[in-house]
Amino acid sequence: MATIAATAKTHLLIGGAWVDASDGASYQNRNPATGATLAHVASASAQDVEAAARAARKAFDTGKWSTMAASRRAKIIYKIAQLLAERAPALALLEVRDNGKPIATAKGELSAIVDTFEFYAGAATKNYGDTLPSPMPGYFAYTVHEPVGVVGAIVPWNFPLLLASWKVAPALAAGCTIVLKPAPSTPLTALELGKIAIEAGLPEGVLNIITGSGRELGQAVVEHPEIDKIAFTGSTATGKMVAATAAQTLKRVTLELGGKSPSIVFDDADIDAAVAGALYGIYYNAGQTCEARSRLLVHEGIYDEFVQKFTERAGKLRIGDPEDAQTQIGAITMSEQFEKIAAYCKSGEEEGANRLFGGTRAQVGNGHSGGMFWDATAFEARPHHRIAREEIFGPVATFLKFTDEAQAIALANDSEYGLSASIWSQNLGRVNRVAKALRTGTVAVNTPYAVFPGIPFGGYKQSGYGRELGFDTVRLYSEVKSVITYMGEKPINPFGV
Ligand code: TXE
């Protein structure tokens with residue numbers, strides 16, 4: 001696969017055909033690191049959503065995917081994984097140009113994407129039901145897990161192909177058909193996934209992809225009566241609208257939303273390991289990560305040493321050209337996001353937080369003067385400051401100091417969000433006490449890595465509901481059918497008539 005040329009024109013994937021938007025509309029998609037036009041992307045309308053939903057419905061109702069032998073479905077999903085692996089270098093580069101993330105980060109994602117499709121290829125043959133204890137003599141009961149139907153998969157811009165894979169792979173494993181809506185600013189790798197899926201033998205209409213204005217198309221997908229389930233990743237505000245709209249047609253919904261996750265560093269931690277992990281936890285993907293460890297809660301006994309080491313090492317992070325293999329912090333993906341980060345840094349200063357470093361646009365030369373780069377930033381804050389409470393979604397860390405375990409737990413849980421947390425400590429008892437007390441969907445201990453295909457991922461509180469990844473996610477793309485059979489010789493006749 002060649003990289004997409006500057007003048008490339010993309011299409012929608014509807015019912016197995018690559019088509020223009022019904023009204024011929026398109027929009028320019030830009031490389032956030034250079035400002036250069038990357039592609040002219042088809043801009044779908046509600047009419048195209050209608051066509052995509054109908055195509056997905058038809059593909060579902062004809063049963064060509066949902067009733068295909070699970071072993072055959074598994075092979076097609078596995079083939080998708082193989083093709084993704086073969087094309088990983090080109091796909092990673094495309095993601096970099098579309099999103100602005102460093103190439104090293106994108107390569108890591110591609111490897112996780114392949115793993116995700118492989119994991120769910122295996123899951124396709126294991127969506128077992130149960131044989132249930134007989135409720136009464138003469139009865140036999142079992143459950144089967146059947147695909148929920150047509151899935152509307154709505155994906156954000158921070159991990160475009162990765163988060164698409166988290167939805168598409170388990171939905172396919174369960175036997176669902178899909179309308180996939182990537183974010184308007186990062187649609188290109190999803191379209192490549194569409195090409196790969198067709199090449200792998202996915203029947204037409206099973207995966208449909210619509211690109212265009214996020215709000216209108218997303219709304220049309222969530223409203224559509226032929227769509228049975230919405231799998232959404234995005235902001236908590238939009239997630240609430242999605243849930244409210246989906247309620248009108250009683251769609252099943254899973255929501256993976258925002259976060260303000262803590263790294264909690266105790267005085268018995270390996271400080272150097274904690275510094276390295278905490279740096280990665282916030283500056284990975286320029287902080288544009290739902291599980292970014294944006295709050296650094298540090299015990300007062302090691303606070304000064306930790307802050308000093310963190311500041312020193314943050315100064316060594318390489319910000320710049322996303323296509324350079326050495327780069328660690330790339331561009332901010334969207335201008336709206338760039339402005340939001342700038343506004344939060346300003347609010348931190350205005351509220352009296354102490355800026356330790358950063359807080360300004362990063363100057364990156366060499367053809368990147370039109371790009372949107374933000375310096376690695378850190379503030380010492382108070383718990384009530386907005387920068388310590390609200391999701392910034394940028395490379396901005398806020399430090400808070402605690403005196404004991406109880407205060408650490410209280411500070412960590414003092415958030416409307418509950419997505420993830422990291423604990424840094426060598427004390428096993430403490431680690432397990434704190435892990436139990438945290439109201440978050442994931443707790444990572446002595447590691448900044450917390451996301452793997454086989455491990456459920458999702459939030460407590462306003463970070464959403466339902467889970468992604470892990471085997472049980474296949475169940476969230478399934479309905480449970482109970483089959484109860486009476487086997488007795490004597491007919492059942494309770495009325496006795
Ligand atoms: O998110 P939106 P945006 C957070 C992060 C960021 C903020 C805004 O704090 O700064 O959200 O980003 C589609 N019905 N996260 O504006 O609006 C949209 O096209 C249905 C955290 O990009 O939530 C895109 O595909 N869909 C998050 C997706 O929803 C709608 C990742 C996300 O967009 C819609 C992204 C509607 N009414 C942002 N309006 C995370 N958890 O990682 C928009 N969309």
Side-chain angles (χ1 to χ4, degrees), residues 27 29 32 41 43-44 46 49 98-99 101 109 152-164 166-167 179-187 189-190 209-224 227 229-249 251 253-261 284-292 294 332-344 372 374 386-387 389-396 416-420 441-442 451 457-459 461-468:
Y27 66 96
N29 180 37
V41 177
S43 185
V49 173
D98 209 11
N99 170 281
K101 64 178 66 219
E109 279 164 38
I154 301 178
V155 175
W157 43 268
N158 53 337
F159 295 99
L161 189 56
L162 182 74
L163 295 180
W166 288 13
K167 295 169 173 51
V179 176
L180 169 63
K181 193 204 81 58
S185 54
T186 54
T189 46
I209 306 175
I210 46 167
T211 53
S213 152
R215 189 161 293 266
E216 283 160 38
L217 291 189
Q219 184 75 16
V221 168
V222 180
E223 282 174 1
H224 203 285
I227 293 179
K229 166 175 172 141
I230 298 296
F232 174 86
T233 302
S235 62
T236 293
T238 304
K240 288 178 186 176
M241 288 199 292
V242 165
T245 307
Q248 299 306 311
T249 42
K251 288 181 174 52
V253 179
T254 46
L255 300 172
E256 203 265 273
L257 308 175
K260 192 74 185 172
S261 299
Y284 165 67
N285 211 41
Q288 301 171 114
T289 311
C290 51
E291 62 151 351
S294 50
I332 303 302
T333 306
M334 298 192 303
S335 53
E336 299 90 320
Q337 190 57 37
F338 190 84
E339 298 308 328
K340 183 177 167 186
I341 295 166
Y344 269 113
M372 299 176 287
W374 197 262
R386 285 181 60 212
I387 56 167
R389 307 200 69 78
E390 298 174 17
E391 184 179 53
I392 300 174
F393 225 59
V396 183
E416 66 184 22
Y417 297 114
L419 192 56
S420 305
T442 296
V451 179
F457 181 82
K461 301 194 271 184
Q462 297 204 29
S463 290
Y465 47 71
R467 290 290 178 270
E468 300 208 289

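Note that the numbering runs from 1 along the sequence shown for the chain. Atoms within a ligand are numbered from 1 in the order they appear, just like the ligands themselves. Quick caveat, the model's predicted, so the values are computed rather than measured.
- The shortest contact between atom 30 (C) of ligand 1 and any protein heavy atom is with T238 CG2, 3.6 Å.
- At least one side-chain heavy atom of P395 sits less than 4.5 Å from a side-chain heavy atom of I341.
- For atom 14 (N) of ligand 1, the nearest protein heavy atom is under 4.0 Å away.
- Looking at F393, Y417, Y344, it is F393 that brings a heavy atom closest to atom 38 (C) of ligand 1.
- Of the protein's non-hydrogen atoms, E391 OE1, 2.6 Å is the one closest to atom 9 (O) of ligand 1.
- Although no hydrogens or angles enter the test, the distance criterion places a donor-acceptor pair under 3.5 Å between the side chain of Q288 and the main chain of T333.
- Those atoms of ligand 1 that come under 4.0 Å of a heavy atom in P184, given as number and element, are 19 (O).
- Judged by distance alone, the side chain of R467 and the main-chain N or O of G459 form a donor-acceptor pair under 3.5 Å.
- At the shortest separation from atom 35 (C) of ligand 1 among protein heavy atoms lies P156 CB, 3.5 Å.
- The shortest distance between side-chain heavy atoms of S43 and L217 does not fall below 4.5 Å.
- Residue V242 has at least one heavy-atom neighbour below 4.0 Å for each of these atoms of ligand 1: 14 (N), 20 (C).
- Here the side chain of N99 pairs a donor or acceptor atom with the backbone of W157 at under 3.5 angstrom.
- Atoms of ligand 1 lying under 4.0 Å from at least one heavy atom of C290, given by number and element, are 40 (C), 41 (N), 42 (O).
- With sequence neighbours excluded, the residues forming a side-chain contact (heavy atoms from CB on, under 4.5 Å) with E390 are Y344, R386, listed by chain and number.
- The ligand atoms of ligand 1 that sit less than 4.0 angstrom from a heavy atom of Q337 are 6 (C), 10 (O).
- Without hydrogens or angle criteria, Q337 side chain to F393 main chain gives a donor-acceptor distance under 3.5 Å.
- Looking at atom 18 (C) of ligand 1, its nearest protein heavy atom turns out to be K181 NZ, 3.8 Å.
- With a 4.5 Å cut-off on side-chain heavy atoms, I230 and F232 count as touching.
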Exercise for the section: Given side chain to side chain contact (heavy atoms under 4.5 Å, CB included), test T233 with K167 step by step and report yes or no. Expected result: CA-CA 10 Å; T233 302; K167 295 169 173 51; 2.5 Å; yes

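- Of all the heavy atoms of E256, the ones lying under 4.0 Å from any atom of ligand 1 are found in both the backbone and the side chain.
- No donor-acceptor pair closer than 3.5 Å links the side chain of T211 to the backbone N or O of V41.
- The closest approach between F159 and ligand 1 stays at or above 4.0 Å for every heavy atom of the residue.
- Note: no N/O pair closer than 3.5 Å links T289 and ligand 1 by distance alone.
- With respect to atom 26 (N) of ligand 1, the closest heavy atom belonging to the protein is G218 CA, 3.4 Å.
- For ligand 1, the atoms closer than 4.0 angstrom to any heavy atom of I154 are 13 (C), 20 (C), 25 (O), 26 (N), 28 (C), 29 (O).
- For atom 29 (O) of ligand 1, the nearest non-hydrogen atom of the protein is F232 CE1, 3.2 Å.
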Practice task
Just do the ring-ring contact (aromatic ring centres under 6.0 Å, His included) check on F457 and W166 with the steps written out, would you?
Solution key: CA-CA 10 Å; F457 181 82; W166 288 13; 5.3 Å; yes

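- Ranking protein heavy atoms by distance to atom 11 (O) of ligand 1, first place goes to S235 CB, 2.9 Å.
- Under a 3.5 Å cut-off, the side chain of K101 and the backbone N or O of N158 do form a donor-acceptor pair.
- Annotation: L257 places an N or O atom under 3.5 Å from an N or O atom of ligand 1; distance criterion only.
- Side-chain atoms of T442 do not come within 3.5 Å of backbone N or O of S420 as any donor-acceptor pair.
- Panel note: side chain K260, backbone I387; a donor-acceptor pair is recorded below 3.5 Å.
- Not one N or O of T233 is nearer than 3.5 Å to an N or O of ligand 1, by distance alone.
- Looking only at protein heavy atoms, the nearest one to atom 3 (P) of ligand 1 is W157 NE1, 3.7 Å.
- Protein heavy atoms are absent from the space less than 4.0 angstrom from atom 33 (O) of ligand 1.
- Listed by atom number, the atoms of ligand 1 under 4.0 Å from K340 heavy atoms are 5 (C), 6 (C), 7 (C), 9 (O), 10 (O).
- At least one N/O-N/O distance between V155 and ligand 1 falls below 3.5 Å.
- Residue contacts with ligand 1, taken as heavy atom pairs separated by less than 4.0 Å, do not involve A237 at all.
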